[in-house]
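Notes follow the structure.
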Amino acid sequence: MASVTADKSLDTSGLNCPLPVLKTKKALEELQSGQILEVISTDPGSKADIPAFCQRTGHELVETVEEGGKYIFYIKKK
């Protein structure tokens, strides 16, 4: 179980690349700096795509959790 509290949650389950990253980008635009977005994905590609997106855009990947075939990312908006 994650130790991070999210300000907003985004469930991209069932979507494949590049949709989880595109929806993550859009959801982050709606948050204030310092707020945390929880992204839930079932796409195995998101394990590499979300961290790469964070590195490229400067957002902080706070925590990654893998449970029950889902990948859960906690991203702090820069």
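The residues of the chain are indexed from 1 along the displayed sequence.
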>> Working note: Leu19 + Thr12, criterion side chain to side chain contact (heavy atoms under 4.5 Å, CB included); need CA distance, chi angles, decisive distance, verdict.
In response: CA-CA 8 Å; Leu19 288 173; Thr12 65; over 6 Å; no
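- Under a hydrophobic-cluster definition in which Ile, Leu, Val, Met, Phe, Trp and Tyr are linked whenever side-chain heavy atoms come within less than 4.5 Å, directly or via other members, Val65 and Val4 are assigned to the same cluster.
- The pair Glu29-Lys77 does not meet the salt-bridge criterion, since no charged nitrogen lies less than 4.0 angstrom from a carboxylate oxygen.
- Contact between Gly58 and Lys78 at its shortest, heavy atoms only, is O-CB, 3.5 Å.
- The side chain to side chain donor-acceptor pair (under 3.5 Å) with Tyr74 is formed by just one residue from the set Glu63, Glu38, Glu60; it is Glu38.
- Under the 4.5 Å side-chain contact rule for hydrophobic residues, Leu31 and Val62 do not share a cluster.
- Residues Thr5 and Ile36 share a closest heavy-atom pair of O-CB, 4.0 Å.
- The side-chain heavy atoms of Tyr71 and Pro44, taken from C-beta on, include a pair separated by under 4.5 Å.
- Looking only at side-chain heavy atoms (C-beta outward), Val39 and Ile72 stay at 4.5 Å or farther from each other.
- Between Lys8 and Glu30 the shortest side-chain heavy-atom distance falls below 4.5 Å.
- Within the model, atoms CG of Leu10 and NZ of Lys25 stand 14.0 Å from one another, a figure rounded to the nearest 0.5 Å.
- For Leu37 against Ala27, the heavy-atom pair with the smallest separation is CD2-CB, 3.8 Å.
- At a threshold of 4.5 Å between non-hydrogen side-chain atoms, the residues Thr24 and Phe53 count as touching.
- A donor and an acceptor atom, one from each side chain of Ser13 and Asp11, are located under 3.5 Å apart.
- Note that the OG atom of Ser41 and the NZ atom of Lys47 stand 11.5 Å from one another [nearest 0.5 Å].
- When all heavy atoms are compared, the tightest approach of Pro51 to Ser46 is CD-O, 3.6 Å.
- Between Phe73 and Leu61, some side-chain heavy-atom pair lies under the 4.5 Å cut-off.
- The shortest non-hydrogen separation linking Cys17 to Asp43 is N-OD2, 3.0 Å.
- Rounded to the nearest 0.5 Å, atoms CD1 (Ile40) and CG (Leu15) are 12.0 Å apart.
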